[in-house]
Engineer: 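The structure follows.
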There are 2 protein chains.
Amino acid sequence: MCGVPPVNAADAGPSRTAEVTSQPVLPKRRQRGPNDPDRRDRIARAAVAVIAEHGIDSLTHRKVAAMAGVPLGSTTYHFASLEELIAAALDKAAEAGIGQLQAWANGLDDGDDVASALADYVIESIGERREQTLAEYNLYVLALHRPHLQQAAVAWDSALSDVLIALTDRPTGRMLGTLLCGLLMQNVLRPDLPSKADVEETFRRAIAGTA
Amino acid sequence: MCGVPPVNAADAGPSRTAEVTSQPVLPKRRQRGPNDPDRRDRIARAAVAVIAEHGIDSLTHRKVAAMAGVPLGSTTYHFASLEELIAAALDKAAEAGIGQLQAWANGLDDGDDVASALADYVIESIGERREQTLAEYNLYVLALHRPHLQQAAVAWDSALSDVLIALTDRPTGRMLGTLLCGLLMQNVLRPDLPSKADVEETFRRAIAGTA
DNA sequence: TTTGGATATGGACGTCAGTACATAACTGTG
DNA sequence: CACAGTTATGTACTGACGTCCATATCCAAA
């Protein structure tokens with residue numbers, strides 16, 4: 001329903017939904033009180049999903065609650081303020097983004113061409129993973145005006161760089177990270193996907209520059 | 001007062017401000033009705049300034065009105081909706097950003113080193129012009145979830161590329177544009193400025209790749 | 001079973017934003 | 001000057017939002 005991280009995927013189903021009318025003696029609602037241990041996480045992921053779908057400027061407790069399938073109060077219970085929720089969403093998005101790139105790197109074979117593989121990665125990020133990418137840039141920009149989020153955003157960036165540095169060397173890896181950032185940013189809002197050849201050539205030039 | 005485009009710079013002063021108590025016969029407020037021909041533009045620039053200062057998620061008619069020094073009604077009179085105001089702000093920011101880069105390019109002498117000059121440009125954008133850069137990225141990201149703004153954002157990007165292409169060649173210019181985008185994005189939220197040497201080396205590698 | 005603390009819920013409250021609109025001020029024309 | 005049309009303003013309305021909190025539920029230890 002939203003094309004982004006699952007949110008409800010592992011949801012076994014015990015999330016309260018009516019069925020209240022019969023059996024007036026038995027517990028009125030199934031599953032209240034303490035259970036559902038990863039609810040906090042699910043809410044944070046739902047926040048990312050809301051941002052992916054509607055953009056940062058329509059992130060509200062109510063939308064997140066609806067997306068996560070939890071009552072409104074649950075969002076304010078687990079996160080004392082909207083700011084805290086945003087911070088958690090940033091962490092979740094960073095975690096997901098870093099995991100994605102690491103998985104990509106782990107999938108590389110020794111002889112593989114990094115430029116070509118990176119180009120594939122870009123095209124996937126703009127294509128199939130588009131909404132995730134949108135959410136990531138929304139959250140990243142949100143950090144621009146929030147000093148308490150800047151550290152997390154910088155760490156996110158560094159983690160991405162580290163993956164690319166491990167594949168090449170420090171200056172090259174950092175340059176690849178910059179190119180990746182710029183390419184995603186520039187292309188994620190274009191109506192058409194870039195050609196793989198162009199993207200690949202861009203990366204190749206950065207790698208070739210290694211003296 | 002805000003470090004960003006002037007907004008009130010060319011403001012000759014006829015923008016109503018109190019002084020009403022005396023002279024009950026004379027016009028109660030100076031300067032109502034049709035005058036102040038560039039008020040619409042000033043409101044749009046004020047919107048950019050608000051975004052630069054507080055971030056996109058606190059852009060409101062009221063804040064813009066205060067920043068522009070006009071009454072609330074004036075913002076809704078000149079822009080039928082907030083969306084229209086955002087669109088105008090995006091245009092203004094794009095215009096300013098493009099103008100800035102063009103001015104930079106025009107200031108180059110024939111023998112100048114493009115990599116070095118671009119590095120200076122980056123450092124200025126993150127330093128002295130930091131707030132303008134922040135506003136630009138905020139607005140750019142806002143376009144991600146607004147189909148009617150994507151064309152403007154893409155045009156903005158193309159205009160920047162064109163300047164860099166004119167200095168080199170098509171693939172190199174496009175790569176420089178991507179690097180510029182990525183470098184600003186990555187560094188504008190870091191607490192410390194990057195070293196000029198690093199930035200310059202990055203650009204140089206893109207230029208050197210020209211075969 | 002009782003009890004206490006943690007978890008969870010839904011509704012209510014105060015605030016603030018976007019928008020609409022009646023009215024006012026001004027400009028130009030006759 | 002009178003009038004019409006445009007530009008401009010202050011204010012009120014409605015809805016939505018963040019937050020709070022009294023209450024409910026559950027778990028685990030005594």
Side-chain angles (χ1 to χ4, degrees), chain A residues 11 14-20 23-44 46-47 50-51 54-89, chain B residues 11 14-20 23-44 46-47 50-51 54-89:
Chain A
D11 196 342
S15 48
R16 151 245 47 279
T17 11
E19 219 94 330
V20 182
Q23 305 292 12
V25 176
L26 292 178
K28 282 205 304 239
R29 321 183 190 83
R30 292 144 75 209
Q31 294 299 138
R32 280 244 234 157
N35 58 324
D36 198 356
D38 69 349
R39 172 165 285 199
R40 192 186 147 95
D41 267 25
R42 220 169 67 239
I43 292 174
V50 168
I51 292 169
H54 299 105
I56 201 61
D57 52 323
S58 63
L59 179 72
T60 67
H61 282 121
R62 281 162 240 268
K63 286 215 184 77
V64 172
M67 177 72 78
V70 302
L72 171 61
S74 193
T75 61
T76 64
Y77 173 73
H78 288 284
F79 301 94
S81 71
L82 231 206
E83 287 299 306
E84 256 188 45
L85 181 50
I86 290 175
Chain B
D11 194 343
S15 48
R16 149 238 55 277
T17 10
E19 219 94 328
V20 182
Q23 304 291 13
V25 176
L26 293 177
K28 281 207 304 244
R29 318 179 193 87
R30 292 145 76 210
Q31 293 300 138
R32 280 245 235 159
N35 59 323
D36 197 356
D38 70 346
R39 171 164 285 201
R40 192 186 147 95
D41 267 25
R42 219 170 66 239
I43 292 173
V50 168
I51 292 170
H54 299 105
I56 200 62
D57 51 323
S58 62
L59 179 73
T60 67
H61 282 119
R62 286 166 175 83
K63 285 213 186 78
V64 172
M67 178 72 79
V70 301
L72 172 61
S74 193
T75 62
T76 64
Y77 173 73
H78 287 285
F79 301 94
S81 70
L82 231 206
E83 287 300 306
E84 255 189 45
L85 180 51
I86 290 175

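In what follows, every heavy atom counts, from backbone to side chain, and hydrogens, waters and symmetry copies are set aside.
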Engineer: Which nucleotide, dC21(C), dG18(D), dA12(D), lies nearest any side-chain atom of T76(B)?
Structural biologist: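 Nearest to the side-chain atoms of T76(B), counting from C-beta on, is dC21(C).
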Engineer: Treating S58(A) as the side-chain partner and H54(A) as the backbone partner, does any N or O pair qualify as donor plus acceptor under 3.5 Å?
Structural biologist: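 Checked: pair present.
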Engineer: Got a sec? Which of residues 58-65 of chain A come in under 4.0 Å of DNA chain D, heavy atoms?
Structural biologist: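 Those residues whose heavy atoms fall under 4.0 Å from DNA chain D, taken from residues 58-65 of chain A in numerical order, are L59(A), T60(A), H61(A), R62(A).
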Engineer: For a side chain to side chain contact (heavy atoms under 4.5 Å, CB included) check, start with the C-alpha distance between D57(B) and D57(A), then their side-chain angles and the critical distance, and finish with the verdict.
Structural biologist: CA-CA 6 Å; D57(B) 51 323; D57(A) 52 323; 5.7 Å; no
Engineer: Taking CG from D57(B) and C1' from dA17(C), how many angstroms apart are they, rounded to a whole number?
Structural biologist: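 Checked: the CG to C1' distance equals 14 Å.
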Engineer: Of the non-hydrogen atoms in H61(B) and S81(B), which two are nearest, and what is the gap between them?
Structural biologist: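 The pair with the smallest heavy-atom distance is NE2-C, 4.3 Å.
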Engineer: Provide, to the nearest angstrom, the distance between the CZ atom belonging to R42(A) and the C1' atom belonging to dA8(C).
Structural biologist: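 In whole Å, dA8(C) C1' and R42(A) CZ are 13 Å from each other.
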Engineer: Rounding to an integer number of Å, can you tell me how far R39(A) CZ sits from dA8(C) P?
Structural biologist: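 Value for this atom pair: 6 Å.
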Engineer: Measure the distance from CD on E83(A) to P on dG18(D) and round it to the nearest whole Å.
Structural biologist: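 In whole Å, dG18(D) P lies 11 Å from E83(A) CD.
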Engineer: Of all the heavy-atom pairs spanning H78(A) and E84(A), show the shortest one and how long it is.
Structural biologist: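 Shortest heavy-atom separation between H78(A) and E84(A) comes out as O-OE1, 4.3 Å.
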Engineer: What's the CZ-C1' distance between R40(B) and dA8(D), to the nearest Å?
Structural biologist: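 Answer to the nearest Å: 15 Å.
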Engineer: Counting only side-chain nitrogens and oxygens, does Y77(A) get under 4.0 Å of the OP1 or OP2 atom of dT7(C)?
Structural biologist: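 The answer is yes; a side-chain N or O of Y77(A) sits under 4.0 Å from OP1 or OP2.
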Engineer: Grab the CZ-C1' distance between F79(A) and dT7(C) for me, whole Å please.
Structural biologist: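 Result: 14 Å.
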Engineer: Restricting to non-hydrogen atoms, name the atom on P71(A) and the atom on R39(A) that form the minimum distance, rounded to 0.1 Å.
Structural biologist: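 For P71(A) and R39(A), the tightest heavy-atom pair comes out as CD-NH1, 4.3 Å.
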Engineer: Return the value, rounded to whole Å, for the distance between atom CG of L72(A) and atom P of dT19(D).
Structural biologist: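 It is 11 Å, rounded to the nearest whole Å.
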Engineer: Look at the side-chain N and O atoms of S74(B) and state whether any lies under 4.0 Å from the OP1 or OP2 oxygen of dA8(D).
Structural biologist: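 False: S74(B) side-chain N/O out of range (4.0 Å or more) of dA8(D) OP1/OP2.
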Engineer: How close do L59(A) and L82(A) get, counting heavy atoms only, and between which atoms?
Structural biologist: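 So the two residues come closest at O-CD1, 4.3 Å.
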Engineer: Round to the nearest Å and state the distance from E84(B) atom CD to dA20(C) atom P.
Structural biologist: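 Interatomic distance, CD of E84(B) to P of dA20(C): 11 Å.
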Engineer: Quick one: list whatever passes side chain to side chain contact (heavy atoms under 4.5 Å, CB included) with T60(A), sequence neighbours left out.
Structural biologist: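 Side chain to side chain contact (heavy atoms under 4.5 Å, CB included) check on T60(A) returns R62(A), K63(A).
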